[in-house]
Amino acid sequence: MNSSYFNMISSAFLGAVFVVLTISFVSEGLFHSETPEQEGFVIEVANAPAAGPAGGGEAELAPISPLLASADIEAGAKVFKKCAACHTADEGGANKVGPALWDIVNRPAGGADGFGYSAPMKEYGAEGSKPWEYENLNKFLLKPKAYIKGTSMGFAGLKKEKDRANVIAYLRSLSTNPAPLP
């Protein structure tokens, strides 16, 4: 290998380094940005009372009872299809990801035989103290994770009051002896 070949390779390398550094300095000068005092953005959230028994206070929610009188069971069955991926509605149906919902109205929370409930759900329904009455179902179906903090139910909830009323009416119909309407 002769010295002119070595000189040519080192000159090419040094020339490339010079071009890269020159572009870096020029672009830094053109597109310089100041470092912020604090990283990230502050997101302000209005202070709203937490919902549910674990949140320390009940969120204001209109009673569902007046809507149950005019609720549509067939519409509730259609909305319930969102729930059918995790729950069965058949009499004697097996538990899936969630418990079977046959005869759920007025059943104690956490009371389905053979289903492994999360600790917060067990605590909520301890010793049958919290049955799934109409208003409890309404609050739970609105935002399950807000009503019972730490529940393993991953469903976001039903925002529309009419949908909740229809689903509750449908759940009421899933019984050989449906609970009386309020």
Side-chain angles (χ1 to χ4, degrees), residues 43-182:
I43 299 173
E44 294 184 26
V45 178
N47 290 335
E58 299 281 328
E60 291 299 319
L61 187 63
I64 200 72
S65 304
L67 290 175
L68 288 175
S70 63
D72 183 358
I73 293 173
E74 289 179 21
K78 288 179 184 175
V79 175
F80 183 80
K81 289 180 182 179
K82 297 177 184 179
C83 312
C86 298
H87 298 280
T88 57
D90 304 324
E91 183 175 8
N95 295 321
K96 292 166 92 176
V97 174
L101 297 181
W102 179 262
D103 204 23
I104 185 73
V105 177
N106 289 334
R107 181 171 78 194
D113 292 333
F115 185 76
Y117 288 97
S118 62
M121 183 62 79
K122 287 179 187 175
E123 184 180 316
Y124 174 77
E127 300 173 20
S129 62
K130 294 276 187 161
W132 284 122
E133 296 169 341
Y134 296 112
E135 296 305 327
N136 292 344
L137 281 169
N138 183 38
K139 293 171 188 172
F140 184 70
L141 289 174
L142 176 64
K143 289 184 182 177
K145 287 197 176 280
Y147 187 64
I148 300 178
K149 299 256 187 248
T151 184
S152 58
M153 184 165 163
F155 185 61
L158 298 172
K159 305 301 177 226
K160 295 180 182 175
E161 193 174 56
K162 191 69 175 164
D163 284 350
R164 289 193 311 276
N166 291 339
V167 167
I168 292 170
Y170 174 70
L171 291 173
R172 176 185 173 267
S173 74
L174 300 177
S175 177
T176 52
N177 187 17
L181 286 172

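The chain is numbered in sequence order, starting from 1.
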Asker: For Trp102, give me all partners under ring pair (Phe, Tyr, Trp, His ring centres under 6.0 Å), at least two apart in sequence or on another chain.
Answerer: none
Asker: Are the side chain of Asn166 and the backbone N or O of Phe80 linked by a donor-acceptor pair below 3.5 Å?
Answerer: no
Asker: Could you walk me through whether Asn136 and Tyr124 pass side-chain contact (heavy atoms from CB on, under 4.5 Å), step by step?
Answerer: CA-CA 11 Å; Asn136 292 344; Tyr124 174 77; 3.7 Å; yes
Asker: Evaluate Arg164 against Leu61 for side-chain contact (heavy atoms from CB on, under 4.5 Å), listing each step before the verdict.
Answerer: CA-CA 12 Å; Arg164 289 193 311 276; Leu61 187 63; 3.7 Å; yes
Asker: Using every non-hydrogen atom in the two residues, find where Asn106 and Glu133 come nearest and quote the distance to one decimal.
Answerer: OD1-CG, 3.6 Å
Asker: I'd like to check Pro108 versus Lys130 (side-chain heavy atoms, cut-off strictly below 4.5 Å). Are they in contact?
Answerer: no
Asker: Does Lys162 NZ have over 12 foreign heavy atoms under 6.0 Å away?
Answerer: yes
Asker: Specify the closest pair of heavy atoms between Asp72 and Glu74, including all atoms of both residues, with the distance to one decimal.
Answerer: OD1-N, 3.1 Å
Asker: Before you tell me yes or no, could you show the steps for Val105 and Trp132 under side-chain contact (heavy atoms from CB on, under 4.5 Å), namely the whole-Å CA-CA distance, both residues' side-chain angles and the distance that decides it to 0.1 Å?
Answerer: CA-CA 5 Å; Val105 177; Trp132 284 122; over 6 Å; no
Asker: For Ile168 and Ile64: C-alpha separation, side-chain torsions, deciding distance, then whether side-chain contact (heavy atoms from CB on, under 4.5 Å) applies.
Answerer: CA-CA 9 Å; Ile168 292 170; Ile64 200 72; 4.3 Å; yes
Asker: For the residue pair Ser152 and Ser118, what are the closest heavy atoms and their distance?
Answerer: N-OG, 3.7 Å
Asker: Which residues satisfy the ring pair (Phe, Tyr, Trp, His ring centres under 6.0 Å) test with Phe155, sequence neighbours excluded?
Answerer: none
Asker: Just wondering, do Met153 and Met121 contact through their side chains at under 4.5 Å, heavy atoms?
Answerer: no
Asker: In Å and rounded to the nearest 0.5 Å, what is the SG to CG distance from Cys83 to Leu101?
Answerer: 7.5 Å
Asker: Between Glu135 (side chain only) and Pro63 (backbone N and O only), is there a donor and an acceptor less than 3.5 Å apart?
Answerer: no
Asker: Is a side-chain N or O of Thr88 found less than 3.5 angstrom from the main chain of Ala94, in a donor-acceptor match?
Answerer: yes
Asker: Could you pull out the closest heavy-atom pair between Ala165 and Leu68, with the gap in Å?
Answerer: O-CD2, 3.6 Å
Asker: Compare all side-chain heavy atoms of Leu158 with those of Leu142 and state whether any distance is below 4.5 angstrom.
Answerer: no
Asker: Rounded at 0.5 Å granularity, tell me how far NZ in Lys139 sits from CD1 in Ile148.
Answerer: 11.5 Å
Asker: Under 3.5 Å, sequence neighbours excluded: what are the donor-acceptor pairs made by side chains of residues 171-180?
Answerer:
{"unit_1": "Arg172", "atom_1": "NE", "unit_2": "Tyr134", "atom_2": "OH", "d": "3.3"}
{"unit_1": "Arg172", "atom_1": "NE", "unit_2": "Ala179", "atom_2": "O", "d": "2.6"}
{"unit_1": "Arg172", "atom_1": "NH2", "unit_2": "Ala179", "atom_2": "O", "d": "3.2"}
{"unit_1": "Ser173", "atom_1": "OG", "unit_2": "Tyr170", "atom_2": "O", "d": "2.5"}
{"unit_1": "Ser175", "atom_1": "OG", "unit_2": "Asp103", "atom_2": "OD1", "d": "2.9"}
{"unit_1": "Ser175", "atom_1": "OG", "unit_2": "Asn177", "atom_2": "N", "d": "3.1"}
{"unit_1": "Ser175", "atom_1": "OG", "unit_2": "Asn177", "atom_2": "O", "d": "3.2"}

Asker: Can you name the nearest heavy-atom pair linking Pro144 to Gly157, along with the distance?
Answerer: CD-CA, 3.8 Å
Asker: Please confirm whether the backbone N or O of Ala112 pairs with a side-chain atom of Tyr117, one donor and one acceptor, at under 3.5 Å?
Answerer: yes
Asker: Mark yes or no for whether His87, through its side chain, and Pro99, through its backbone, hold a donor-acceptor pair below 3.5 Å.
Answerer: yes
Asker: Take atom NZ in Lys81; do more than 12 heavy atoms of anything else shown fall under 6.0 Å from it?
Answerer: no
Asker: Are the side chain of Lys145 and the backbone of Thr151 linked by a donor-acceptor contact shorter than 3.5 Å?
Answerer: yes
Asker: Would you say Lys96's side chain and Gly93's backbone share a donor-acceptor pair under 3.5 angstrom?
Answerer: no
